[in-house]
Colleague: 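Here it is, the structure in full.
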Amino acid sequence: MSLSVEIAHRFEGLALDVAFDAPPGVTALIGRSGAGKTTVANVIAGLMRPDRARIALDGAVLVDTAAGLWPPPQARRVGYVFQEARLFPHLSVRQNLLYGARRRGRLREGQAELGPVTDLLGIAALLARRPGALSGGERQRVAIGRALLSGPRLLLLDEPLAALDPARKSEILPYLERLRDQSRLPILYVSHAMEEVARLATTVVALDAGRVVARGSAAEVLSDPGAVPALDPGTAGAVIEAVVEAQEADGLTRLAGAGGTLYLPRLDAAPGARVRLRIEAQDVLIARDRPAGLSALNLLPAQVLSVHPGRGPGALVRLRAGDAILLARVTQRSVAALGLAPGLPVHAVVKSLAVASGNIGTAG
Amino acid sequence: MSLSVEIAHRFEGLALDVAFDAPPGVTALIGRSGAGKTTVANVIAGLMRPDRARIALDGAVLVDTAAGLWPPPQARRVGYVFQEARLFPHLSVRQNLLYGARRRGRLREGQAELGPVTDLLGIAALLARRPGALSGGERQRVAIGRALLSGPRLLLLDEPLAALDPARKSEILPYLERLRDQSRLPILYVSHAMEEVARLATTVVALDAGRVVARGSAAEVLSDPGAVPALDPGTAGAVIEAVVEAQEADGLTRLAGAGGTLYLPRLDAAPGARVRLRIEAQDVLIARDRPAGLSALNLLPAQVLSVHPGRGPGALVRLRAGDAILLARVTQRSVAALGLAPGLPVHAVVKSLAVASGNIGTAG
Amino acid sequence: MFAPPSPAEWEILALSLRVGLLAVALALPPALLAAHALARWSFPGKALFNGLVHLPLVLPPVVTGYLLLLAFGPQAPLGQALDAVGLPIAFRWTGAAVAAAVMAFPLMVRAMRLSIEAVDPRLEQAAATLGAGRPAVVLTVTLPLALPGVVAGAILGFAKALGEFGATITFVSNIPGETRTLPLAVYAFLQVPGGEGAATRMVVLAVVLSMGALLVSEWVAARAARRVAGA
Amino acid sequence: MFAPPSPAEWEILALSLRVGLLAVALALPPALLAAHALARWSFPGKALFNGLVHLPLVLPPVVTGYLLLLAFGPQAPLGQALDAVGLPIAFRWTGAAVAAAVMAFPLMVRAMRLSIEAVDPRLEQAAATLGAGRPAVVLTVTLPLALPGVVAGAILGFAKALGEFGATITFVSNIPGETRTLPLAVYAFLQVPGGEGAATRMVVLAVVLSMGALLVSEWVAARAARRVAGA
Amino acid sequence: QDLTVLAAASLGTALDEIATLWAAETGGTLTLVLAGSSALARQIEAGAPADVFISASPAWMDTVAAAGLVAEGSRSDLLTNSLVVVAGAADAAPLDLADPGALPARIGDGRLSLALIEAVPAGIYARQALANLGLWDAVAPRVVESDNVRAALALVAVGAAPVGIVYASDAVAEPRVAVIAAVPPEAHDPILYPAAAIATGDMAGARAFLTFLQSEAAAAVFRAQGFGLPGG
Ligand SMILES: Nc1ncnc2c1ncn2[C@@H]1O[C@H](COP(=O)(O)OP(=O)(O)OP(=O)(O)O)[C@@H](O)[C@H]1O
Ligand SMILES: Nc1ncnc2c1ncn2[C@@H]1O[C@H](COP(=O)(O)OP(=O)(O)OP(=O)(O)O)[C@@H](O)[C@H]1O
Ligand code: MOO
Ligand SMILES: [Mg+2]
Ligand SMILES: [Mg+2]
């Protein structure tokens with residue numbers, strides 16, 4: 001299933017005018033505070049009627065204001081996890097979770113199962129409580145569960161993990177990944193956190209002041225130095241795909257990708273599985289010669305493709321390693337010292353453990 | 001001014017029992033979702049009366065439930081930025097900002113100046129709007145401004161930046177730093193984000209299930225491998241101090257610290273200033289011999305202090321470089337390959353640009 | 001003077017209670033509907049509708065009673081229709097309840113409307129995205145959250161029904177055992193010199209009755225509020 | 001029949017308006033206080049207090065009027081005290097306003113209480129941490145946010161004051177130009193043969209007057225609500 | 001002279017006309033305060049400003065007198081009234097009260113509309129008469145009571161009750177009803193409207209006005225409204 005969105009609306013202070021396609025998988029909507037991300041989500045869910053909108057889900061037109069087509073939210077089957085949890089204060093956590101399932105008759109048909117969702121979100125112990133007695137993070141986890149259990153055919157997540165601690169985040173992310181991979185639901189994921197985006201997103205749409213400033217596959221947008229200004233400079237990084245070769249005895253996983261062998265902390269994937277890795281530009285070093293006696297296990301022969309000096313002292317260097325593109329963020333001083341120029345053969349040094357587990361996902 | 005806190009309270013599902021001191025500067029309260037962080041903040045602000053509490057501010061007892069001392073919130077002068085912004089919906093942004101200043105007569109006395117705060121938080125253009133027409137991040141920025149302008153003698157910030165994008169975060173952090181340095185207010189800062197904590201916090205208190213599991217200076221707690229399990233494993237890192245030596249022509253700043261010379265992207269500090277750097281363990285490589293032809297500018301002679309194998313394939317290596325402690329996160333395979341053992345002289349490789357600007361602060 | 005109520009007084013008391021309860025039951029559904037319409041819908045003529053809702057409050061009660069008589073009297077088509085379906089109300093206690101319901105209606109609507117307006121529309125939005133159509137949203141989110149106001153409205157209506165005099169006596173007259181509620185009995189006592197004593201007894205009974213009803217209702221409302229606040 | 005009001009009718013209309021406005025003005029401050037107390041404070045005897053607040057609703061209006069006469073009549077100490085300070089109310093239009101205020105009081109309290117209860121206490125907490133003491137919190141946060149309910153309560157009270165008959169005629173009688181408000185005029189017309197036409201005219205005037213008041217109030221309330229919703 | 005007259009509300013129309021005559025004769029203004037006799041009596045006791053009180057029942061005048069508020073020797077019975085049986089105008093056949101089955105038959109399964117039989121004078125007199133005529137037990141289950149005679153009359157006028165007993169003075173001007181029988185005056189206590197000057201008011205003015213009320217001009221007005229005059 002894929003989603004296609006066109007929205008135009010004028011606010012005092014913001015002229016929203018966006019159009020993008022979201023193929024199956026996760027489309028990340030990124031952009032600064034006030035860029036219009038929540039507004040887009042509200043329009044898709046049917047909560048805000050804009051001046052003009054056209055939304056199609058898998059070819060079928062869901063919304064077309066020009067043709068007067070504007071179904072109400074309940075008819076859209078769009079699961080929405082809000083920036084603030086919006087739990088029903090008069091219902092217990094269990095009743096909140098089952099609310100959508102009940103409304104859609106999924107409970108009767110046995111399609112909604114509480115157990116797996118509550119275990120995964122770590123909320124099994126909260127079922128009898130009311131939302132008033134939950135912490136901020138607990139609330140958001142319940143909200144995620146509630147949307148999942150309602151059987152949506154499109155999922156909108158508006159910064160769903162912002163209030164969670166890193167440990168909880170890493171617990172929930174694999175579930176979102178599984179969801180993406182198994183359900184083939186299009187998921188629109190609003191987030192500021194690049195690790196999450198890189199890990200989950202198939203497609204990235206970057207908004208700025210109500211307009212789309214970059215759009216494309218996650219690999220493209222996140223490793224395109226030209227798109228970086230729209231993003232946060234500290235968050236550039238390439239997304240590469242690799243194949244699991246073996247699980248080694250000392251807890252590392254050997255992968256083939258990026259033109260060589262990569263060693264990463266144990267990945268939960270069988271040999272032969274394709275995974276996607278986000279390698280942040282600032283975690284890649286460049287060596288002229290293959291260095292020895294270094295604690296980094298991943299030394300990939302590579303070639304400089306281009307050098308993009310930034311506004312500060314840094315530069316982004318695009319490298320080709322095998323058929324993968326890597327980004328390295330180095331100082332301009334190093335560019336000069338190492339004489340980095342297109343065509344130069346070098347080694348890319350990637351620490352095994354610098355590829356944070358938050359940046360590893362199964363390929364969507 | 002310093003703050004001393006002792007709180008005990010029983011919730012269904014959580015027995016809170018914490019005691020800690022917060023010296024001048026920023027004390028970070030960290031811990032998983034549901035650990036009790038917000039509860040602690042509520043008790044200090046006077047919004048929740050626990051079974052037992054004793055709170056002293058700079059030696060003067062503010063709260064002592066055993067002695068029946070429980071002043072109301074308005075008498076405490078505790079500025080509180082809530083997890084949800086809690087702006088007054090019937091007031092404009094300007095009126096929200098000046099609410100506390102008005103109540104405390106600071107407006108009359110000219111002590112509260114709107115300009116610097118609104119400029120800094122990027123909310124000058126919003127002054128005439130109402131909170132209903134703000135995005136999530138805009139709301140939180142206004143809430144921060146409102147607390148600051150109320151003239152508190154203690155500031156509680158409950159995940160104030162969670163809803164902000166990285167660019168906004170980095171814009172606001174320096175202001176919080178300045179606040180910490182100039183006002184000498186004790187600041188209690190609840191956060192999940194280690195960069196923020198490392199950058200701002202003088203002291204760190206880690207809660208787990210209602211109890212304090214680690215407490216001490218930020219440098220201690222964050223670079224203590226023993227404390228890491230309480231934190232997120234991916235967030236270990238050392239905090240070191242350094243002195244600015246010079247601003248170089250190519251946009252780098254030269255610093256003396258950690259037993260050698262460090263080059264970092266331009267720091268906004270005059271030569272001679274002391275700064276604190278957080279160097280994440282996963283950004284440090286270890287080399288047996290001084291590597292050549294590498295894009296990393298910071299090669300610090302160091303000595304292995306200890307090696308702490310983790311549960312996974314990684315290990316944390318404590319290094320002494322000069323009189324600074326560094327942490328490096330490497331694979332156990334590299335520990336074996338390089339023969340890392342206490343006493344071994346090595347080189348610590350730190351990428352200039354891996355020290356993200358979010359991890360650099362002025363020393364408090 | 002404060003001897004236990006006589007059988008005749010008990011009869012009046014029981015009748016008043018019956019009338020009050022039926023009045024609330026009759027007024028509740030349309031009051032909820034009107035309150036919801038005024039709080040959440042927009043439709044042409046809304047201001048006029050709002051005015052109509054308030055009419056029984058503004059009109060002298062006698063006028064309301066007279067209009068009811070014209071509409072539901074034994075000769076009026078509506079009255080005859082009700083009679084035909086076995087629900088006669090003219091000169092019946094059910095008619096007293098109708099009069100009280102009409103008089104209580106605006107009070108109930110106002111209270112309920114306020115509570116419905118206070119329900120966070122974002123929760124209703126959330127329910128809609130979870131598949132709840134408009135009626136389901138109202139039943140599962142709006143009304144439960146507005147419960148304190150609904151209870152308050154019902155109480156207000158019950159209290160008004162207990163005190164209603166003018167419309168009742170004009171519409172269904174004063175028939176002992178059928179339509180003679182507490183206020184009618186009190187009025188009759190006050191019309192004769194020296195009747196103050198008996199009237200006072202009746203008033204004390206009325207006060208005791210309504211205080212009891214209020215206590216119960218407050219308790220219900222407090223429970224509802226606690227449910228919503230969590231814990 | 002629907003000729004413009006005669007001077008005599010204008011006088012009655014103007015008096016009713018004056019009485020209604022004064023009634024609301026008199027009842028508003030104590031109603032706000034009572035509403036706030038019931039919504040936010042806890043104190044011993046709260047249930048009893050709540051019962052007292054509702055009393056004028058439950059009592060037959062004639063009884064309320066009679067009690068007022070006993071308390072504020074020219075012979076009663078309270079009445080004489082008011083007289084002494086130059087604020088006589090017995091058999092004055094001010095007394096009619098007092099009667100209407102008493103009758104409107106429970107309606108106003110209920111509406112205001114509901115709105116105050118609906119104000120998010122977390123906003124009041126936020127105000128407290130910013131230095132607002134209890135009165136400041138009430139004035140700067142609670143009341144402004146409860147404004148729609150306060151307006152609703154005032155309107156309800158005004159409408160009730162316009163329609164009040166029983167307590168008024170019992171307390172301050174039916175003195176032309178002084179206490180003969182619209183419902184009392186309607187009553188006087190209905191007590192004599194052939195007065196129905198004049199009574200109908202009066203009723204129509206009452207309806208027009210109150211509809212106007214309602215429209216204005218709805219507009220005010222909608223504005224207040226829009227202010228709060230933002231934009 | 002300017003006087004405040006507290007009078008039973010049913011006298012409103014007549015007193016309005018008399019006020020005009022009084023103004024023409026003396027140049028004085030009458031303030032007519034119209035309410036139920038019970039309310040007025042209590043208000044006089046409570047100190048209401050009043051010069052003249054005209055009650056619809058002797059009982060309430062007695063109460064005022066017992067409180068010492070009636071000016072010495074000023075009380076007199078101003079008016080009398082009589083009861084009539086009324087029916088809807090479409091059902092105007094005369095009724096014979098002497099026939100014990102006639103009234104119950106006229107009522108049928110409808111209602112007999114009276115004023116409150118224990119509290120309002122018209123209702124008290126009506127019950128007394130029906131009892132004395134031997135009809136009360138037969139009609140009692142069908143009785144509905146209103147808080148005043150006009151309301152009792154209205155029930156017949158709108159057809160809610162087929163038959164009612166009201167004052168002749170009320171029946172005259174209601175086109176929707178027909179008088180089908182006169183209630184024999186001897187069947188009930190005399191219906192009297194006492195008038196008196198109030199001791200706390202302008203007693204001289206009040207006495208003058210009371211005298212004026214006995215004048216032929218005033219009597220003509222009262223008669224036109226259907227009231228009777230004592231002794232003729
Ligand atoms: N009802 C409204 N009226 C006027 N302006 C509005 C309204 N709602 C939102 N806006 C403005 O539209 C812009 C986009 O808001 P939106 O909530 O979509 O931002 P966002 O990208 O989700 O931001 P954040 O990351 O802070 O949540 C903001 O500048 C906001 O002030
Ligand atoms: N009123 C209450 N009644 C019962 N339990 C409560 C209540 N308030 C909070 N709790 C529980 O106390 C624990 C601590 O809550 P608190 O809000 O302090 O957590 P937190 O550390 O701030 O979490 P988060 O990071 O998710 O905001 C949670 O498990 C929560 O469920
Ligand atoms: O308000 Mo009334 O005056 O109930 O009959
Ligand atoms: Mg948003
Ligand atoms: Mg919290």
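Each chain gets a letter, A, B and so on, in the order the sequences are listed, and its residues count up from 1. Please read all numbers here as calculations on a predicted model, not as lab measurements.
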Colleague: Can you tell me which portion of L114(D) sits under 4.5 Å from chain C's heavy atoms? Options are side chain, backbone, both or neither.
Modeller: side chain
Colleague: Identify which of A206(D), P183(D), G149(D), A159(D) forms the greatest number of heavy-atom pairs closer than 4.5 Å to chain C.
Modeller: A159(D)
Colleague: Identify which part of L38(C) has an atom lying under 4.5 Å from any heavy atom of chain D, answering side chain, backbone, both or neither.
Modeller: neither
Colleague: Considering only heavy atoms, which portion of V58(D) lies under 4.5 Å from any heavy atom of chain C: side chain, backbone, both, or neither?
Modeller: both
Colleague: Which answer fits L182(D), side chain, backbone, both or neither, if we ask what part of it has an atom under 4.5 Å from a heavy atom of chain C?
Modeller: neither
Colleague: Going from CE on M202(C) to CG on L59(D), what distance comes out if it is rounded to the nearest 0.5 angstrom?
Modeller: 13.5 Å
Colleague: Quick one: closest heavy-atom pair of P61(C) and G163(D), and the distance?
Modeller: CD-O, 3.9 Å
Colleague: Hey, are the side chains of T170(D) and L190(C) touching, using non-hydrogen atoms and a 4.5 Å cut-off?
Modeller: no
Colleague: I'd like to verify something: which residue of V62(C), V186(C), L156(C), L162(C) has the highest number of heavy-atom pairs under 4.5 Å with chain D?
Modeller: L156(C)
Colleague: If I measure from the heavy atoms of chain C, does F158(D) come under 4.5 Å with its side chain, its backbone, both, or neither?
Modeller: neither
Colleague: Quick check on L55(C) against chain D: is it the side chain, the backbone, both or neither that has a heavy atom closer than 4.5 Å?
Modeller: side chain
Colleague: Please name the pair of heavy atoms, one in A152(D) and one in R110(C), separated by the smallest distance, quoted to 0.1 Å.
Modeller: CB-NH1, 3.2 Å
Colleague: Within this structure, what is the CG-CD distance for the pair L70(D) and E196(C), rounded to the nearest 0.5 Å?
Modeller: 9.0 Å
Colleague: Minimum heavy-atom separation for M211(D) and L52(C), please, with both atom names.
Modeller: CE-N, 3.7 Å
Colleague: Out of A118(C), P121(C), S115(C), G51(C), return the one with the most heavy atom pairs under 4.5 angstrom to chain D.
Modeller: G51(C)
Colleague: Is K160(D) close to L107(C) at the side-chain level, that is, under 4.5 Å between some pair of heavy atoms?
Modeller: no
Colleague: What I'd like to find out is whether the side chain of L215(D) reaches to under 4.5 Å of the side chain of N50(C), using heavy atoms alone.
Modeller: no
